[in-house]
Amino acid sequence: MTTAPWRDPALPATARVDDLLSRMTLEEKTAQLYGVWVGASTDGDGVAPHQHDMTVDYSDEAWSELITRGLGQLTRSFGTAPVDPALGAQALARAQRRITEAGRFGIPAVAHEECLAGFTAWQATAYPVPLAWGATWDPPLVEEMARRIGEDLRSAGVHQGLAPVLDVVRDPRWGRVEETIGEDPYLVGTVGTAYVRGLESAGVVATLKHFAGYASSAGARNLAPVRAGTREFADVTLPPFEMALREGGARSVMAAYTERDGVPASGDPELLTGLLREEWGFTGTVVADYFGIGFLQTLHRVAGTPAEAAHAALEAGIDVELPSLKCYGDPLVEAVRSGEIPEELVDRAARRVLLQKCELGLLDEDWRPEPAAPVDLDSTGNRILARRLAEESVVLLDNPDGLLPLAPDTRIAVIGPRAADALAMLGCYSFPSHVLTHHPGVPTGIEIPTVLDALRTELPDAKVTFAQGCDVTDPDTSGFEEAIARTAEADVCVAVLGDRAGLFGRGTSGEGCDATDLALPGAQGELLDALVATGVPVVLVLLTGRPYALGRWHGRLGAVVQAFFPGEEGGPAVAGVLSGRVNPSGRLPVSVPQVPGGQPWTYLQPPLGLAGEVSNLDPTPLYAFGHGRSYTTFAWEAGTGGEEPAEIGTDGTYDVSVTVRNTGDREGAEVVQLYLHDPVASVTRPDVRLIGYQRVRLAPGEAARVLFRFHTDLSAFTDRSGRRVVEPGALELRLAASSADVRHTAHLTLTGPVRVLGTDRRLRCETEVSGVG
């Protein structure tokens, strides 16, 4: 039997796909451009916006008819309802067999799943959320986590993961802050790129989202119009995506729901084709955010019919409609046949989809859907890694009098609505929070120790009592009396407060759970006031998806510990910090504000965005970006710099370094941060911005020299004409422990002409760490 050229793995992928396309009907080509979401809820309580009115519930007969054309993607076979992973893998394999047997060409679908904080599946490891990844300042560890997530996805038959989120926080009231890595594009870019490398190394397609500007929505309202200007978009929003594509090798991008300056991202050819493909050279697939193509008609109203929405999205550059068929099926076919839509647009998208399927081996004759090994989505290795990530992500914000670590035999009153709830550890895209809330009575499927349980295990000789005090959101204060009584009997109170992750108003953090201000939800602030008023020292532990204003209690608390939804091993990680078993090393990926108002604010502010005489409102944060304390001490010695500026050209490099010594009595990790200050530029610039960092672990007495190889490309910005330039003039390189804690400064003068940069610019500051005797 002669094998068709498109089946021949010896041929180039482009030749195989060209041969295949030449054999396909229009209906078969369009079938490669959409997914189908079998089993998705059509009631009003879904996991995606407008799911109830945008989802099609397929009968078996309709499904059988649909797949005769082929199918592009299968949506969330594991992430829609609780299913045993082994049985789910078998069911997915059967669905793939059915798809391949129904169509003329036997091409399987790409199976995709959410994997924001681990594989969003029942019994799968729930890792810390991305904001916690940012708090680790440890890209290699995040890469290891992503590789494990990718291996788990592949073991179950999944080809594409819808992560990471590369949106840069612009307003912490936005509900999806927990899904971001932080408020700085360099931190987001480096950590996000590490995640991409890990996922792709396992053979899973990483999907960058949300491209682009989603986090800049007005008033922090989900899906609200984006007000970002040209320079903010170019210098804050886009760099993490560029880095993840160029250095991480991401093979897919998801278009954002939002509009910018009246143009929805899903219908923007300048963004999805001009910038992404023609300027950046991206060759992978662009997928719609769920129902995003249909929203061009129903929410944005830039299309009058599904066919017009399909035309706008295809022309812009969206190759795949997710999660289910709405616009790219019959409406598209009919519009192509009538001449309203050029068939070349269908061919362009189908070619990209099929090239990716070819890369994944889905066009090969020997492809098999059955899992090669038993499926274990919460292995011991996963849990060990989840614990390490959680431990590194916990931030000790304050410990002014050394109250922490707690004495092993002390009397502890554990108070608060987050202390004894396992879901307090999880973000909105973890399976228990995302899906299981719709399946009452189904167990979580994984072990999730609470802070209360973990603290009792951590300190077996301590006398630990508990009172909830209040609910997360309910203003009822009737539980205060018991909480105050338990606290009065104790030597120390551990108040565990924070968020409940959810979706579309069903939580205080998560997609569609935006905040009016940054006050602690419900009666939790009043509860904390009542606990402090007892006179018993209070350790505040926050389990949240965003920063909250803490100025009201500054100077009144014994210690403050921040954890951003630290995952299934978060309870033991927090308890380990409280007991002293874990030396805290997390650093803030977002600023912590003084007061609930005066927002939005991130540290990337030009002079008039800082405190000054022109306004009575002071936006200065209580705890700065990059801040975090330790149980050991570090001395910063022999830093490069001085008052006399060094001269380099606008295309030059300069090495700046510092020696860090652990001067305490226990091992710990310091995070050395490098910030750029540009005193004078042709457009206003942030007072400081992060351009490099290095996490360094040191034994007692040990020292290391941390060197940053600064290249002038890292000082570039978008000028008034829209060019990315390096300008001559003075610069300062600030070695710091946070954006507000500068330890050493190197002064530079850039000489020579203004230099215009292209897409080959350097995106990363290289670092070297060497031991010091």
Side-chain angles (χ1 to χ4, degrees), residues 171-175 177-178 220 395 397-398 400 403 413-421 423-424 451-452 466-488 490 492-502 505 507-510 513-565 574 588 590-601 617-623:
D171 187 332
R173 296 173 299 175
W174 189 46
V177 166
E178 65 172 71
V395 185
L397 294 179
D398 220 345
L403 180 61
V414 178
I415 308 294
R418 302 286 75 199
D421 186 350
L423 292 184
V451 169
L452 177 62
F466 167 69
Q468 180 172 306
C470 66
D471 182 53
V472 174
T473 57
D474 194 325
D476 180 28
T477 61
S478 60
F480 282 21
E481 184 177 351
E482 183 187 1
I484 291 169
R486 297 291 81 73
T487 299
V492 63
C493 170
V494 175
V496 188
L497 311 179
D499 280 316
R500 177 189 295 119
T508 61
S509 175
C513 297
D514 310 316
T516 56
D517 61 29
L518 295 173
L520 287 169
Q524 293 182 81
E526 288 71 27
L527 175 63
L528 186 55
D529 285 334
L531 299 176
V532 170
T534 66
V536 174
V538 176
V539 176
L540 173 60
V541 174
L542 290 167
L543 300 172
T544 69
R546 63 163 65 84
Y548 283 101
L550 301 179
R552 174 169 154 187
W553 301 282
H554 187 54
R556 301 167 60 201
L557 298 170
V560 184
V561 175
Q562 172 71 65
F564 297 109
F565 290 140
V574 169
L588 285 175
V590 285
S591 309
V592 173
Q594 290 261 8
V595 294
Q599 297 292 320
W601 199 92
L617 296 179
D618 183 353
T620 305
L622 180 62
Y623 301 110

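- Among residues two or more places apart in sequence or in another chain, the salt bridge (charged side-chain N to carboxylate O under 4.0 Å, His left out) test is passed with R552 by E526, D529.
- If you take CG on L528 and SG on C470, they are separated by 10.0 Å, rounding to the nearest 0.5 Å.
- Across all their heavy atoms, R546 and G175 have their closest contact at NH2-CA, 3.4 Å.
- Sorted by first and then second residue, the pairs that involve residues 492-501 and meet salt bridge (charged side-chain N to carboxylate O under 4.0 Å, His left out), not counting sequence neighbours, are D471-R500.
- Residues P621 and Q594 come closest through the heavy atom pair C-CG, 3.9 Å.
- No side-chain heavy atom of Q468 sits less than 4.5 Å from a side-chain heavy atom of D421.
- Here T487 pairs with nothing under the side-chain hydrogen bond (donor to acceptor under 3.5 Å, both in side chains) rule; sequence neighbours left out.
- Between G416 and L497, the shortest heavy-atom distance links the atoms CA-CD2, 4.1 Å.
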Show which side-chain atoms of residues 536-543 pair as donor or acceptor with protein atoms under 3.5 Å away, not counting sequence neighbours.
none

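- Taking Y623 as the reference, H627 meet the ring pair (Phe, Tyr, Trp, His ring centres under 6.0 Å) condition, with sequence neighbours excluded.
- Distance check, rounded to the nearest 0.5 Å: OG of S509 to CH2 of W174 gives 10.5 Å.
- Considering every non-hydrogen atom in both G525 and L520, the closest pair reads N-CB, 4.1 Å.
- Among residues two or more places apart in sequence or in another chain, the side chain to side chain contact (heavy atoms under 4.5 Å, CB included) test is passed with A467 by I415, E482, A483, R486.
- Residues passing the salt bridge (charged side-chain N to carboxylate O under 4.0 Å, His left out) test with D514: none are found, sequence neighbours excluded.
- The side-chain heavy atoms of H554 and L622, taken from C-beta on, include a pair separated by under 4.5 Å.
- Annotation: side chain of R418 is in contact with side chain of V472 (closest heavy-atom distance under 4.5 Å).
- Taking both residues in full, the closest heavy atoms of A420 and F466 are given as CB-CZ, 3.8 Å, listed atom of the first, atom of the second, then distance.
- A pairwise comparison of heavy atoms in E178 and G510 identifies OE1-N, 3.4 Å as the closest pair.
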Donor-acceptor contacts under 3.5 Å from residues 557-565 side chains, at least two apart:
| from | atom 1 | to | atom 2 | distance (Å) |
| --- | --- | --- | --- | --- |
| Q562 | NE2 | T544 | OG1 | 2.9 |

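- The side chain to side chain contact (heavy atoms under 4.5 Å, CB included) test applied to A533 returns no partner, not counting sequence neighbours.
- Looking at L550 and L397, their side chains come closer than 4.5 Å, going by heavy atoms from C-beta outward.
- For the side chain to side chain contact (heavy atoms under 4.5 Å, CB included) test, residues two or more places apart in sequence or in another chain that qualify with P593 are L518, P547, A549, Q599.
- Partners of T477 under the side-chain hydrogen bond (donor to acceptor under 3.5 Å, both in side chains) rule, at least two apart in sequence or in another chain, do not exist in this structure.
- For T516, there are no side-chain hydrogen bond (donor to acceptor under 3.5 Å, both in side chains) partners at least two apart in sequence or on another chain.
- Atom CH2 of residue W553 and atom CG of residue D398 lie 14.5 Å apart, to the nearest 0.5 angstrom.
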